[in-house]
Amino acid sequence: MDTRRPAEAPQVDVLSPREVPLGGPRAMSVRRTLPQRARTLIGAWCFADHYGPDDVARTGGMTVPPHPHTGLQTVSWLFSGEVEHRDSLGSHAFIRPGELNLMTGGHGIAHSEVSTPRTTVLHGVQLWVALPEEHRNAERDFQHYVPEPLRIDGAEIRVFLGSLAGGVSPVRTFTPLLGVEITLEPGAAITLAVDTAFEHGLLVDSGHVRVADTLLRPTDLGYVRPGIDALALANLSDGPARTILLGGTPFEEEIVMWWNFIGRTHEDIVRARADWEASSDRFGTVEGYPGDRLPAPALPNATITPRRNPPRQLRPKGTP
Ligand code: MN
């Protein structure tokens with residue numbers, strides 16, 4: 001920690017992604033920034049995959065057969081392309097750029113995701129939100145919402161969850177949460193009022209963006225601790241800079257994450273896996289997918305241990 005910083009300057013931790021192949025014959029890969037060793041969650045955001053721009057003629061696009069989820073919500077947000085979604089609620093939806101698609105897994109849901117033949121370039125993010133204990137067995141749900149873009153100081157802002165800069169998403173969340181696409185014109189600088197109880201993560205898709213006093217490059221996720229009331233962003237590049245701002249109050253519960261499941265204990269995961277393998281009603285059936293569902297991978301030999309964020313950094317000696 002640089003102790004020469006003024007106490008009120010937000011410190012930004014730069015989290016870099018790792019490449020993860022999604023599998024399949026031509027193996028589209030994604031850049032995963034959450035979870036990682038240095039950080040499990042930002043608010044209740046517990047999973048962040050960033051992909052593209054991918055020429056689907058080369059990568060084969062996205063083909064994810066029916067698979068289950070528990071204890072979480074999935075957020076699909078595209079910059080380009082189109083993904084066909086089917087789930088065991090009976091939802092059949094097309095996920096398009098600038099449109100929020102929020103699926104609640106709760107006790108159990110299954111879905112498939114396939115990029116459509118209309119897609120030439122696939123580009124976007126796939127995010128998960130952990131459900132708090134009292135709602136983690138929530139009913140299955142699927143919501144679609146198209147935020148109206150706001151234009152402020154050279155920025156275009158699409159608030160898909162929570163509220164920012166006068167934009168308010170009507171979509172209900174189970175914990176205080178923020179999800180926003182912010183695109184900055186070249187040279188644009190904005191200061192956004194934020195909730196002091198929130199921690200934030202800024203994922204840079206394109207451009208070079210300064211957050212507070214830290215420069216972020218494309219694919220970086222900049223983490224900002226709670227306790228600030230404004231976030232200053234500046235696009236230092238010659239082209240537009242596109243970012244995703246995530247936020248929320250720190251999620252204090254420990255979670256156990258394995259494959260597509262979130263629980264609280266190893267036993268939760270073992271049960272969810274067994275229920276999926278047994279084709280239990282817990283997850284239901286995805287109608288209309290032309291193929292087989294995904295089998296669960298083998299469980300690890302060891303007990304799956306809970307994840308939590310590292311303890312907050314201690315203040316250097318001599319500071320209050
Ligand atoms: Mn999924």
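For ligands, and for the atoms within them, numbers begin at 1 and follow the listed sequence. The residues of the chain are indexed from 1 along the displayed sequence.
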Check: Does the pair R225/D13 count as a salt bridge with the N-to-O cut at 4.0 Å?
Finding: yes
Note to self: Are H85 and H92 an aromatic pair, judged by ring center distance below 6.0 Å?
What the structure shows: no
Next item on the list: Answer yes or no: is there an ion pair linking R307 with E254, defined by an N-O contact shorter than 4.0 Å?
Entry: no
Next item on the list: Go around the Mn ion (ligand 1) and count every protein N, O or S atom nearer than 2.8 Å.
Entry: 3
Check: Taking the six-membered ring for Trp, is the centroid-to-centroid distance between W258 and H266 below 6.0 Å?
Finding: no
Check: Is D268 paired with R271 through a side-chain N to carboxylate O contact shorter than 4.0 Å?
Finding: yes
Next item on the list: Return yes if some donor-acceptor pair links the side-chain N/O of S88 with the main-chain N/O of F283 below 3.5 Å, else return no.
Entry: yes
